[in-house]
Amino acid sequence: VSLGSTAGSMGRLEGKVIVLTAAAQGIGRASALAFAREGAKVIATDINESKLQDLEEYPGIQTRVLDVTKKKQIDQFANEVERVDVLFNVAGFVHHGTILDCEEKDWDFSMNLNVHSMYLMIKAFLPKMLAQKSGNITNMSSVASSIKGVENRCVYSATKAAVIGLTKSVAADFIQQGIRCNCVCPALSSFQNRQKTGRFATAEEVALLCVFLASDE
Ligand SMILES: NC(=O)c1ccc[n+]([C@@H]2O[C@H](COP(=O)([O-])OP(=O)(O)OC[C@H]3O[C@@H](n4cnc5c(N)ncnc54)[C@H](O)[C@@H]3O)[C@@H](O)[C@H]2O)c1
Ligand SMILES: *[C@@H]1O[C@H](CO)[C@@H](O)[C@H](O)[C@H]1NC(C)=O
Ligand SMILES: *[C@@H]1O[C@H](CO)[C@@H](O)[C@H](O)[C@H]1NC(C)=O
Ligand SMILES: CC(=O)N[C@H]1CO[C@H](CO)[C@@H](O)[C@@H]1O
């Protein structure tokens with residue numbers, strides 16, 4: 001294991017193996033880079049192979065194509081990974097519209113990609129963490145959830161509220177066994193005029209919060 005980016009100072013995630021989903025762009029990509037900068041060994045996954053490619057050039061990051069809605073792919077991937085310290089579930093899709101705009105196929109697609117995928121990932125990776133007696137899981141939720149009622153985010157908010165409920169449930173069930181669970185609820189693309197800062201958070205700022213959650217701090 002090499003030293004962190006600054007010679008002589010250890011990274012905050014030195015020696016940790018971090019698996020993350022939806023790493024090809026946005027918050028996932030910013031987090032992969034931030035984790036690697038802190039010395040983690042990052043396994044960056046995404047459904048989009050071509051977009052994932054250029055992460056390969058960064059030291060500490062390896063990539064793997066993974067569709068988080070496919071149980072077979074997830075289980076096979078989990079079998080390949082020897083150790084995992086941190087699982088970061090980022091994959092999610094934003095459906096725009098009210099309940100009247102949300103057809104059953106839209107509802108099912110979002111529930112499947114935003115919620116069921118996390119269920120599958122946790123089920124596959126939690127047993128490894130339990131065997132190690134340590135590990136941390138971060139799920140990606142949103143302010144558009146049970147936190148705020150947001151216009152035109154009907155099924156999206158329902159999925160992100162589910163992520164919060166399940167995160168708290170898993171946190172309660174496994175904290176005694178050394179597993180810490182959190183979710184992050186960013187507001188990146190809306191609420192701009194309501195933010196006291198007068199602007200919204202950047203993907204890089206969210207990534208720094210996720211570095212903290214993945215660390216021993
Ligand atoms: N951007 C925002 O304003 C914001 C705000 C709050 C929460 N979030 C949440 O943060 C997460 C990331 O959002 P973002 O806007 O940075 O991402 P994004 O929409 O820019 O990227 C999504 C990524 O997910 C990948 N993906 C899609 N389907 C997949 C599948 N089946 N399997 C694996 N990967 C798949 C895509 O290839 C893409 O790389 C999401 O869960 C989102 O709901 C985003
Ligand atoms: C992958 O990302 C590229 C670049 O953004 C995009 O053109 C392409 O449609 C994406 N492919 C899939 C399968 O999402
Ligand atoms: C994350 O959320 C998913 C469902 O959204 C849930 O299955 C999983 O247990 C949660 N993980 C943690 C660590 O809370
Ligand atoms: C790998 C890792 O970060 N493990 C941490 C997970 O959370 C527990 C409980 O807070 C810490 O003790 C571990 O160090």
Side-chain angles (χ1 to χ4, degrees), residues 19-35 42-56 61 63-78 87-97 105-122 124-125 137-164 166-167 182-195 197 199-211 213-214:
V19 167
L20 81 159
T21 69
Q25 65 181 50
I27 295 170
R29 184 189 156 89
S31 299
L33 296 174
F35 291 153
V42 180
I43 308 175
T45 74
D46 199 286
I47 198 174
N48 192 327
E49 181 167 19
S50 59
K51 219 163 174 186
L52 200 53
Q53 282 307 311
D54 64 277
L55 279 175
E56 281 280 349
I61 301 183
T63 64
R64 190 189 190 288
V65 176
L66 180 73
D67 179 342
V68 294
T69 65
K70 300 278 177 353
K71 182 175 191 304
K72 249 196 197 142
Q73 285 188 29
I74 290 172
D75 290 344
Q76 194 185 332
F77 173 43
L87 171 62
F88 186 19
N89 291 311
V90 186
F93 172 76
V94 185
H95 178 268
H96 299 248
K105 67 170 177 9
D106 303 318
W107 179 272
D108 290 345
F109 180 86
S110 288
M111 281 292 174
N112 193 39
L113 179 51
N114 297 9
V115 186
H116 194 79
S117 68
M118 293 197 190
Y119 156 76
L120 292 176
M121 288 296 289
I122 303 291
F125 284 93
I137 305 171
T138 305
N139 289 325
M140 187 53 69
S141 184
S142 176
V143 160
S145 60
S146 47
I147 299 176
K148 288 266 183 193
V150 176
E151 288 154 10
N152 291 311
R153 288 289 183 278
C154 178
V155 63
Y156 182 75
S157 298
T159 64
K160 293 304 189 181
V163 170
I164 292 173
L166 285 159
T167 297
N182 288 283
C183 66
V184 177
C185 303
L188 277 83
S189 56
S190 53
F191 308 108
Q192 181 163 6
N193 47 17
R194 275 177 255 167
Q195 300 302 317
T197 53
R199 65 172 181 82
F200 44 79
T202 64
E204 285 69 29
E205 286 166 345
V206 176
L208 292 177
L209 171 59
C210 297
V211 166
L213 290 176

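Quick note: numbers below take in every heavy atom, side chains included, and nothing from hydrogens, waters or symmetry partners. In this text the structure is predicted, and so the values were computed from the model without any measurement. Counting starts at 1 for both ligands and their atoms, following the listed order.
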Exercise for the section: Using non-hydrogen atoms of the residue, decide whether Pro186 is closer than 4.0 angstrom to ligand 1. Expected result: yes

Salt bridge (charged side-chain N to carboxylate O under 4.0 Å, His left out) pairs touching residues 25-35, sequence neighbours excluded, are Arg29-Asp54

List ligand 2's nitrogen or oxygen atoms that come under 3.5 Å of a protein nitrogen or oxygen, with the partner atom and distance.
{"from": "ligand 2", "atom 1": "2 (O)", "to": "Asn48", "atom 2": "ND2", "distance (Å)": "2.3"}
{"from": "ligand 2", "atom 1": "5 (O)", "to": "Lys51", "atom 2": "NZ", "distance (Å)": "3.4"}
{"from": "ligand 2", "atom 1": "11 (N)", "to": "Asn48", "atom 2": "ND2", "distance (Å)": "2.9"}
{"from": "ligand 2", "atom 1": "14 (O)", "to": "Asn48", "atom 2": "ND2", "distance (Å)": "3.4"}

Under a 3.5 Å distance rule, please check whether Glu204 uses its side chain to pair with a backbone N or O of Ala30 as donor and acceptor.
no

Ligand 1 to Ala24, heavy atom cutoff 4.0 Å, flagged ligand atoms 39 (O)

Decide side-chain contact (heavy atoms from CB on, under 4.5 Å) for Met140 and Val163; before the verdict, give the C-alpha distance in whole Å, the side-chain angles of both, and the deciding distance to 0.1 Å.
CA-CA 8 Å; Met140 187 53 69; Val163 170; over 6 Å; no

Honestly, for Phe200 the part within reach of ligand 1 (heavy atoms, under 4.0 Å) is neither

Polar proximity ligand 1 side, Ile27 side, N/O cut 3.5 Å exclusive: yes

* Asked: Do Ser142 and ligand 1 have an N or O pair less than 3.5 Å apart?
  -> no

*Could an N or O of ligand 1 be found under 3.5 Å from any N or O of Asn48, whether backbone or side chain?*
no

Smallest heavy-atom separation, Met118 atom then Ala91 atom, equals CE-O, 4.3 Å

Note: Ser141 and Cys183 closest approach over all heavy atoms is CB-SG, 4.0 Å

For Asp108, the salt bridge (charged side-chain N to carboxylate O under 4.0 Å, His left out) test, sequence neighbours excluded, returns none

- What do you reckon, is CD of Gln53 surrounded by more than 12 foreign heavy atoms closer than 6.0 Å? yes

Polar contact flag for Gln25 and ligand 1 (N/O pairs, less than 3.5 Å): yes

The single option from Thr138, Asn114, Thr21, Asn139 that satisfies side chain to side chain donor-acceptor pair (under 3.5 Å) with Asn89 is Asn139

The salt bridge (charged side-chain N to carboxylate O under 4.0 Å, His left out) partners of Asp67 (sequence neighbours excluded) come to Lys70

Closest non-hydrogen contact found for Ala187 with Phe200 is O-CB, 3.7 Å

Checking heavy atoms under 4.0 Å, the part of Lys160 that sits near ligand 1 is side chain

A student checking ligand 1 against Tyr156 at a 4.0 Å heavy-atom cut-off should list atoms 6 (C), 7 (C), 8 (N), 9 (C), 42 (C), 43 (O)

Quick note on ligand 1: atoms under 4.0 Å from a heavy atom of Gly26 include exactly 16 (O)

Note: heavy atom closest to atom 36 (C) of ligand 1, options Ile74, Val68, Asp46, belongs to Asp46

Between Ala44 and Ile61 the two heavy atoms that sit nearest each other are CB-CG2, 4.0 Å

| Looking at ligand 1, does Ala91 have a heavy atom less than 4.0 Å from it? | yes

The answer for which part of Ser141 has a heavy atom under 4.0 Å from ligand 1 is backbone

All heavy atoms of Lys160 vs all of Ala144, minimum pair found to be CB-O, 3.5 Å

Closest to atom 41 (O) of ligand 1 by heavy-atom distance, out of Asp67, Val90, Val143, is Val90

Contact region, Leu66 to ligand 1, non-hydrogen atoms below 4.0 Å, reads backbone

Per-atom filter on ligand 1: closer than 4.0 angstrom to a heavy atom of Gly92 are 40 (C), 41 (O)

Quick check: are there more than 12 heavy atoms from other residues, nucleotides or ligands sitting under 6.0 Å from CD of Glu151?
no

Between Ser117 and Val68, the two heavy atoms sitting closest are CB-O, 3.2 Å

